[in-house]
Colleague: 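My questions will all concern the structure given below.
Chain naming here is simple, since letters A, B, ... match the order of the sequence lines and numbering starts at 1 in each. As a basis for the values below, the full set of heavy atoms in this structure was taken, side chains included, without hydrogen atoms, waters or symmetry mates.
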Amino acid sequence: MRRTALAVAILSWALAGGCGRETGRAGARGGEAGHARARLVAERDALTPGDTLTLGVSFAIEKGWHLYGNVANDTGYPIRVTPDLPPGYVALDLLWPTPRRHVSPGDILDHVYEERVTLLLPVVVPADARIGDRVELKAGLEWLVCRDLCLPESAKVALYLPVRPTAAAAPDDAALFSETRARLPDRDSTEARATRAGKAVVLEVPGAEGLVFYPSPASARLANPIRDAAGTGARLTLTLADADTGGAPIEGVLEVARPGGTSSFIPVRLGSPQGS
Amino acid sequence: MRTRNVHGLALVAFALLFGALPLTADASPAAGAADKPAEIVLAALGEKAPDFTLTDTDGKTHTLSEYTAQGKVVILEWFNPECPFVKKHHLLTSSMKDTHAFAKGAGVVWLAVNSGAPGKQGAGQERNAAARKEFGMEYPVLLDGAGVAGKLYGAKTTPHMFLIDEKGTLVYRGGIDDDASAKSLGKVNYVRTCLESRAAGKPVAANDTKPYGCSVKYAS
């Protein structure tokens, strides 16, 4: 009789997700819409008081479809993430891996993600978070997924994590994080040289085998980014759409093709002549 | 590769094939017009808007220069009935209908243009004739399946708006409003503001805004 009771108790505990907690795998609720599936993942298996934990807003995108990056695009709109965190938790700025150029007939230039993308969302854990608490981190997502047609989709995603004094790396989704980090701009880099004369802007990285410039949505507009913003060699010459940018800087990310086939990413910011 | 030259050749090819485009000849005083190939003039703000002739879903032909010859102001609305951003203005809200009503009151001619290539999303006579009814559109939808007019104007999104004044000059291009979502309307309706400024004799402040929407479905 006691053995049966014990078996029932263990079974109930397991069904309640006990096995999940035991192995450190956090519970997650995903967002399933039409052509992209979203979920919230974490770089470590627990929240530690006073620390910053990086979450990942991770999309699996149906083959042939794409989502839009946070770059100046002709069409579409970038993925929107609205964090919904408990009191005391603070979401920092989203970190976007550099997308890829996508040129469509009619000289239409967009910058998109295909197959999968994970945006990083660093979250500051309050110093007074209680050890042993199980915390729900949520986000509302909206995106435009396109192939030859475009569909707006949305989802709510959630992730449950325990608060513990220490946390270990969460191995299951580690590849998503490293894939994104490999395409983040290196803010410490001083390699890029940017100069401007009137409407001409020259971006240069000595030794590069190729360059691609991804202007941010707020950057001064380019006259012909399809022609100018990508090329082989160590230099790009961009023509601005207007000599008077109204104070808008030339700003974005430069992808640098290195010998050997790898790429690195450097932020670029060239202010207006009066300022600098 | 110089994209502009490729487009120039493509436009000439389409013009010959479809006879849809009276080429804007550049008459130079030195050589006669017959000696120079006719130049394809792409739309530029403050310049003469490129002319075109297209057929609408009812089979009626429209030529831009015939409207401007009558001193009419013309608004062009790039259109794709399947695009969620177009539906925002035609189904979710009545913003396009309301803006049209306002423009019509000012004597403006309003033409929708669908530059989707045959077989692409929302393209073709049948789909657009049906959409006109479904959306209650009181103005024509011109079929530009070859993408000639679209490429002349640099139409990239649906919607993408252009305003041509009574002299035939392009005075506005860009979005209809300042909310680039598929759900909500912007605080500023650029087309309406443009018409109001002109009516008041004031210069149009925002005459070159960022258009938003789905990409125009040109042939691949």
Colleague: Thinking salt bridges, do Asp110(A) and Lys156(B) make one under a 4.0 Å N-O criterion?
Modeller: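 The answer is no: the pair does not qualify as a salt bridge.
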Colleague: Using a 4.5 Å cut-off on heavy atoms from C-beta on, say whether the side chain of Asp74(A) contacts that of Tyr212(B).
Modeller: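 Side chain of Tyr212(B) against side chain of Asp74(A), heavy atoms only: no contact under 4.5 Å found.
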Colleague: Ignoring hydrogens, what is the shortest heavy-atom contact between Pro152(A) and Pro84(B)? Give both atom names and the distance.
Modeller: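 Closest heavy-atom pair between Pro152(A) and Pro84(B): CD-CG, 3.4 Å.
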Colleague: Within this structure, what is the OG-CZ distance for the pair Ser181(B) and Arg80(A), rounded to the nearest 0.5 Å?
Modeller: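 The OG atom of Ser181(B) sits 6.0 Å away from the CZ atom of Arg80(A).
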Colleague: Is chain A contacted by the side chain of Cys214(B), its backbone, both, or neither, given a heavy-atom distance below 4.5 Å?
Modeller: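 When you check distances to chain A, atoms from both the backbone and side chain of Cys214(B) fall under 4.5 Å.
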Colleague: Please look at Asn80(B) and chain A and tell me whether the side chain, the backbone, both or neither of the residue comes under 4.5 angstrom of a heavy atom of that chain.
Modeller: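 Neither part.
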Colleague: So, taking the atom named CD1 in Ile108(A) and the one named OG1 in Thr157(B), what distance separates them when rounded to the nearest 0.5 Å?
Modeller: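 If I round to the nearest 0.5 Å, the distance is 8.0 Å.
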Colleague: Would you indicate whether Lys167(B), at its atom NZ, is surrounded by more than 12 heavy atoms from other residues, nucleotides or ligands within a distance under 6.0 Å?
Modeller: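 No, the 6.0 Å shell around NZ holds no more than 12 heavy atoms from other groups.
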Colleague: Tell me, do His160(B) and Thr75(A) make a side-chain contact under 4.5 Å, heavy atoms counted?
Modeller: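 No, their side chains stay 4.5 Å or more apart.
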Colleague: Which bit of Leu109(A) is near chain B, if near means a heavy-atom gap under 4.5 Å: side chain, backbone, both or neither?
Modeller: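 Neither part, no heavy atoms under 4.5 Å.
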Colleague: How far does NZ of Lys183(B) sit from CD of Glu142(A), to the nearest 0.5 angstrom?
Modeller: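 Output value for this atom pair is 3.5 Å.
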Colleague: If we only count heavy atoms from C-beta on, is the Pro105(A) to Lys217(B) side-chain gap below 4.5 Å?
Modeller: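 Heavy-atom side-chain distance check fails, nothing below 4.5 Å.
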Colleague: Checking heavy atoms, do the side chain of Ala180(B), its backbone, both or neither come under 4.5 Å from chain A?
Modeller: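 The answer is the backbone of Ala180(B).
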Colleague: How long is the span from the OG atom in Ser215(B) to the CG atom in Asp107(A), to the nearest 0.5 Å?
Modeller: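 If I round to the nearest 0.5 Å, the distance is 12.5 Å.
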